[in-house]
Amino acid sequence: MTLNGRVSIITGSARGIGKRIAQLLASGGAAVVISDADESQAQATAREIETDFGGKTACIPADISQIDHIHNLVNTTVRQFERIDILVNNAGICPLNKIEDITLEEWNRVLSVNLTGVFFCCQAVMSVMKKQGSGNILNLASIAGKIGGIAAGAHYSASKAGVICLTKVFARAMAPFGVRVNAIAPGPVNTDMVKGFSEESMKILVEQAPLRRIADVDDIAEAALFLVSDAAKHITGEILDINGGLLMD
Ligand SMILES: NC(=O)c1ccc[n+]([C@@H]2O[C@H](COP(=O)([O-])OP(=O)(O)OC[C@H]3O[C@@H](n4cnc5c(N)ncnc54)[C@H](O)[C@@H]3O)[C@@H](O)[C@H]2O)c1
């Protein structure tokens, strides 16, 4: 499935799942905008992808909890590439505070990245995609947003439940303009994000999953590639579980 000529933005793509999605999009022929709050790592990743795949690559750092960063990301992409075909809302944070330890400041910090950031990124690309009459948005939700986090905090879980709802809201609103909006809800994936999970939580997560393994970034990125490609042209508003059978719904 070719993505030649498509222009993609992947938030939080300096490392982890976002980086792997960016690599697969680039290998499919899409131009990729690497964006992350970690500017130096984002630049290193963009250079690596440019060297490995030779396509059009840009690095536009952005902290998605800052609305002016989001607008700069979208406006700079349009100036440089003249369109936006794919937005992957991947950036996220997952602190592991216990319920009783979550302060208002911490609650707001998590929601501002994981939920408010996703909303305003979707809002910012809406007008561009509407004018084009085409586009694709893919959000990274989580199994925690469906069942309540086993290891992840209450703020994280609630933010991801919000992402699941926003995916459906934008899918309905954007369908008349030829724009599809989907989400992936992974179980645990082997990235830096799960390094803080206790051994006990990881054991529970593996033992309860029929496939008895932790996902790797390819498991998520391959599905992401499918959902943003024309092979998924009749799929919108879908929340795709990728969790080794940990949750079947
Ligand atoms: N790893 C898992 O087990 C897992 C499971 C379910 C869902 N997810 C979701 O997948 C996505 C990617 O997770 P990952 O495992 O690759 O995590 P990760 O921690 O390895 O990478 C997250 C990236 O997001 C960036 N980031 C953080 N805050 C940001 C901000 N405010 N603005 C821009 N960039 C920011 C980080 O710098 C980092 O590069 C997240 O949304 C996460 O919630 C991960």
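Counting starts at 1 for both ligands and their atoms, following the listed order. Side chains are part of it too, since the values below use all heavy atoms of this structure and drop only hydrogens, waters and symmetry mates.
- At under 3.5 Å, not a single nitrogen or oxygen of Val194, backbone or side chain, sits near a nitrogen or oxygen of ligand 1.
- For the ligand labelled ligand 1, residue Pro188 lies inside the 4.0 Å heavy-atom shell.
- At least one N or O atom of Asp63 sits closer than 3.5 Å to an N or O atom of ligand 1.
- Here Ile64 has heavy atoms under 4.0 Å from ligand 1 in both its backbone and its side chain.
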Quick one: side chains of residues 206-215, donor-acceptor pairs under 3.5 Å with protein atoms, not counting sequence neighbours, listed by atom name and distance.
| residue | atom | partner | partner atom | Å |
| --- | --- | --- | --- | --- |
| Arg213 | NH1 | Asp219 | OD2 | 3.2 |
| Arg213 | NH2 | Asp219 | OD2 | 3.0 |

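- Considering backbone and side-chain N/O atoms, Lys160 comes within less than 3.5 Å of an N/O atom of ligand 1.
- The shortest N or O to N or O distance between Asn90 and ligand 1 is under 3.5 Å.
- Backbone and side-chain nitrogen or oxygen atoms of Ile17 are examined, and one is located within less than 3.5 angstrom of a nitrogen or oxygen of ligand 1.
- The shortest contact between atom 37 (O) of ligand 1 and any protein heavy atom is with Asp36 OD1, 2.6 Å.
- Using modelled atom types and a 3.5 Å distance limit, the side chains of Asn139 and Thr167 yield a donor-acceptor pair.
- Residue contacts with ligand 1 include Val113, since one or more of its heavy atoms lies under 4.0 Å from the ligand.
- Residues Ile93 and Val110 form a side-chain contact, since some pair of their non-hydrogen atoms from C-beta on lies under 4.5 Å apart.
- No donor-acceptor pair under 3.5 Å is formed between the side chain of Asp36 and the backbone N or O of Glu39.
- Taking the side chain to side chain contact (heavy atoms under 4.5 Å, CB included) definition, one finds that Asp249 meets it with Lys146, Asp241, Leu247, sequence neighbours left out.
- Using a 4.0 Å cutoff on heavy atoms, Ala141 counts as a contact of ligand 1.
- Inspection of the Asn108 and Ser112 side chains reveals no N or O donor paired with an N or O acceptor under 3.5 Å.
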